[in-house]
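The sequence lines fix the lettering, A, B, ..., with proteins before strands; numbering per chain opens at 1.
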Protein chains: 2
Amino acid sequence: MNWVYIKDFKEHVGQQVTVRGWVYNKRKSGKIRFLLVRDGTGLVQSILSKAEMAPEEWEKFSDLTQESSLEITGRVREESRAPGGYELDVDSINVIQIAVDYPITPKEHGVDFLLDNRHLWLRSSRQYSIMQIRNEVIKATRDYFYENDFILIDTPLITGSIGETASTLFETKYYDFGKAYLAQTGQLYLEAACMAFGKVYCFGPSFRAEKSKTRRHLSEYWHIEGEVAFYENEDNMNMQEDYVAYLIERILDKCRHHLEKLERDISALEKVTKPFYRVSYDDTIKKLQELGSEIQWGDDLGATDETIFTEQYDKPVFVYNYPVKTKAFYMKRNPDNPETVLCSDLLAPEGYGEIIGSSQREDDYDLLLRRIREEKLPEDAYGWYLDLRKYGSVPHSGFGLGLERTITWICGLHHIRESIPFPRMLYRLYP
Amino acid sequence: MNWVYIKDFKEHVGQQVTVRGWVYNKRKSGKIRFLLVRDGTGLVQSILSKAEMAPEEWEKFSDLTQESSLEITGRVREESRAPGGYELDVDSINVIQIAVDYPITPKEHGVDFLLDNRHLWLRSSRQYSIMQIRNEVIKATRDYFYENDFILIDTPLITGSIGETASTLFETKYYDFGKAYLAQTGQLYLEAACMAFGKVYCFGPSFRAEKSKTRRHLSEYWHIEGEVAFYENEDNMNMQEDYVAYLIERILDKCRHHLEKLERDISALEKVTKPFYRVSYDDTIKKLQELGSEIQWGDDLGATDETIFTEQYDKPVFVYNYPVKTKAFYMKRNPDNPETVLCSDLLAPEGYGEIIGSSQREDDYDLLLRRIREEKLPEDAYGWYLDLRKYGSVPHSGFGLGLERTITWICGLHHIRESIPFPRMLYRLYP
C-alpha cells in the first residue's frame, strides 16, 4: 500500500506520507490555508503554506469543496493542540474529484432530508461516532458469547412458523409453498438448538411490520437472542445482567471519546454495574400508580409507563412475572401464581425502557399444545416445536435483546433511527 | 449453578458432580451398565455398577431410552482410554423425561427424513461437529475484520434497489410503498459506507429465489462482504487471500478434532496458504477447453467447469477479468480490454468451486448511469448509489463470500444443506 491511514500517523512522525480521503472543511488565515481531511479512520488538519509550496500546488486549494476526493502528500508533525495530536504540512495535492453542491452542509438540516441522504449523512462526525459504538457493541457481543461457550446458531429468516404476533408479519411468496413470513424471532429454533448444544445464541435481523410511528420501533432491527438448557428464570436474569454489564464496561473502555463526541452523560453509564434492580410486575404496577399512571393490574406497560418508571432508576431494572395474557404463548406458567408467567423484561434506566424480553419456556407438551390452540396458531407449523417437549424435554430459558434500542440508550439518542446504518420504518425504505 | 458441564470435568477429577443432559446411547456388560450422556458441551461415558449403587437407582437404567433427559450424579474419574479422557462413576440418577420413540436412531435414514427432523438431527455427532466449525468460522471472520480495522455496517435486508439479478428476488409488500425486495447483497450500501469509514464489511443473510435444485445453492444464506475505498482489483485479491488463509489457519488450530470426526482430509486444508493461484479468464477458458469442456470465450463458468477446473489445484484460485456480459452492472470496465471487467472470482480447490465474487466498482458517474440504463434497472431507486460518483468519487473494490459454500468446502461436505442449521431451499421451508 502506497498510502497511510490517519489513525497510523503516530508511526510516521517526521516522514513524508500520502493520505487518501475527502475534504471535510477548509479555511484561510493570511498566507496559510487549512484543509481538514478525513479518510474514514480519522481527521487531520493539513497546513498549506504559500512560502513553502510550489505555486501550482498552492492554487489547487481554491477549487476544493466539501467532500471533494483527493490524495495529499506531506510531512507528519506532532501537534498536541490538534485533534488527534498530529498535523500534516502539505507538499502536494492530487485532486481526484471536485464535489459540486454536496447536499449536507455545516448548517442545520431537517431529519427527513438527512434520512433521504443517509448514504452521505454517515460521513458526518456524529453519525460516525454512533456507528463506531455500534461496531464495538456488536463485537463485544460476539466476544461475550464466544468466551462464555455459547454456540452461534443462525436461525432462519424465512419461516413457516409465526414467532410472536401474526399482526406484525411481513409476508413473502415462497416457491410452491404459498405464504412464508419474515422471522420476528429466532427463539423457537434456538430452543431446538439448546437441546443439542446446551448454550446457544443467534444474532441476526428480525422484522416487525409496525404500523405505528414511534421513536422506539424499527421495521427491521438486529436481535440478539440467547437460550440455555436447564436454565430457570433466575439463571436467565443473571445471564442477561452479566452480558449487559459487560457491554457497558467494554464501551466505556473502548469508545469513551465517541461517547464524549455525542455529549453522552458518561457518569450515568458508569453506574451500570451488577447487580441490576429486580422488581415484580405486581410491585411495578403499584409503583406506577403512585407515580400517577392509570395502569391496572393485567395491563402491559406502555411506552409512557416505561419512561416514568425507569426515570426512577440509575441502573437497568428487571420487571418479572407478568400476567399470562400480556405475554407470548410459549412462556412457562408460574407455579406460585398461574395468572402470571415466569418471565422478565429488562428496562434501561433514564427513561429508555425495554431492551430485553425474556422468559422460561413452557416445557410441558400438553400445556404448550393447549396454549397453541388457545392462540389459534397453525398446529402443523409447530409440530417440530412440540417435538422438543416429547424427546427429552428439559427446563430452559432465554432472552432477546434489541440491538438498536440498546445502542440508542448507550449513545443517549432521542430516536432509534440513528442507531442503524440504513433504518427501515413505516415511512422509510430509501436509500 | 449446581451442576457442571462435561467439558469442565478436568477441574473436578475425584469430585462428586451432577451433570444434566440426554442419553446418547446405552449398553450392558455383566453387572455393569454404560450410559453415554451428552450435555451439549461433550459426551461422557457413565458407569453404573450394581455392587456400588442403591437398587432403586440401578433399576432406573432399564427405562432410559435414547434422548431421555436426566440429571446424573457421580464421581469424575480420569480414564485415558475414554473419549474426552474422563468417565463418571454413577451414584444416582434423576430422570427428567423418558423419550418415547425418538425418530433418529443409529440406523441409516434418508436425507429428506433427516431434514424433516432437522430440529433433532442437530443433536447427532456429525451435525454437532459441522455446527462447531461453523461457529468458529464466523467468530474468526468477526475477529479478522475487527482486528484489521474494518467497521461493521449492517446493510438493510428489505430494500427498494435490486442488488444483482431481478429474476431471483423474493418480494414483500412494504406498507404503502408497494413491492420491496429481500436483499441479495449489501454491496451497494457498503460502497456508500466505505466513503465514510474507509474499510467496511457486512455479514448478514442474503436471499436468492433459485428455482433450480443444486447442491451449491441455498435460498437463504449468510454473506460476508467487504468494501474498501481506494482499493483496486489487485488490493482486493490480496485482501481476500489474506482473509481466507486466516480462516483456514484458525480452523486447523481450533477445530482439528471436529475435522477428524467428519473424516475431512486435513492435509488438503494444510496446503491452503498464501499466495493463492491467479489465472486470467482468458487462460481459464483455454485450460478448460484442454480439459474437454465445450466452454467458449464469453461464457460464464458453469458448475461442471468449476469442478473440473478446481480439481487441478491444491489451493484456491482466483479467476480474474471476466467478460462484461457475464457480470453485474456495477463492475469497472478494464482499461486494457473494454470487453472485460476488473473482477475476480475465488474458486475453492478439490472441485468445490466459487466461494467469492469480487470486483473493482465503476466509479465514473456517466459510465455507471449508462450501465444502469442498459440493464433497464429502475433509475430512481439508484439515485443514492449514483450520488456516490458525484460527491468525491474514488476507486474502490470489494468482495462477497458465501459462508455456507466456504463451510461446505472446509468440512468436505457433499451438499451445502448440512452447512447451515435450518436450510431453506426450493423444496424446504420446514422446520
State, yes or no, whether a side-chain contact exists between B/F197 and A/R123 at a heavy-atom distance under 4.5 Å. no
pair B/I158-A/L429: side-chain heavy atoms closer than 4.5 Å: yes
Part of A/R389 within contact of chain B (heavy atom distance under 4.5 Å): backbone
Taking the six-membered ring for Trp, is the centroid-to-centroid distance between A/F170 and B/Y174 below 6.0 Å? yes
Interface moiety of A/D363 toward chain B, non-hydrogen atoms closer than 4.5 Å: neither
Checking A/T41 now: which residues fulfil side-chain hydrogen bond (donor to acceptor under 3.5 Å, both in side chains) with it, not counting sequence neighbours? A/D39
By ring pair (Phe, Tyr, Trp, His ring centres under 6.0 Å) - contacts of B/F145 (at least two apart): B/F150, B/Y201, B/Y243
Can you confirm whether or not the ring centre of A/F230 sits under 6.0 Å from the ring centre of B/W22? yes
Tell me whether A/S69 contacts the main-chain N or O of B/V394 through its side chain, where contact means a donor paired with an acceptor under 3.5 Å. no
Side chain proximity check, B/R424 to A/T159, heavy atoms < 4.5 angstrom: yes
Expected output: side-chain A/Y175 to main-chain B/E210 donor-acceptor under 3.5 Å: yes
Chain B heavy atoms under 4.5 Å from A/D380: which part of the residue, side chain, backbone, both or neither? backbone
B/N135 side chain to A/L152 main-chain N or O, any donor-acceptor pair under 3.5 Å? yes
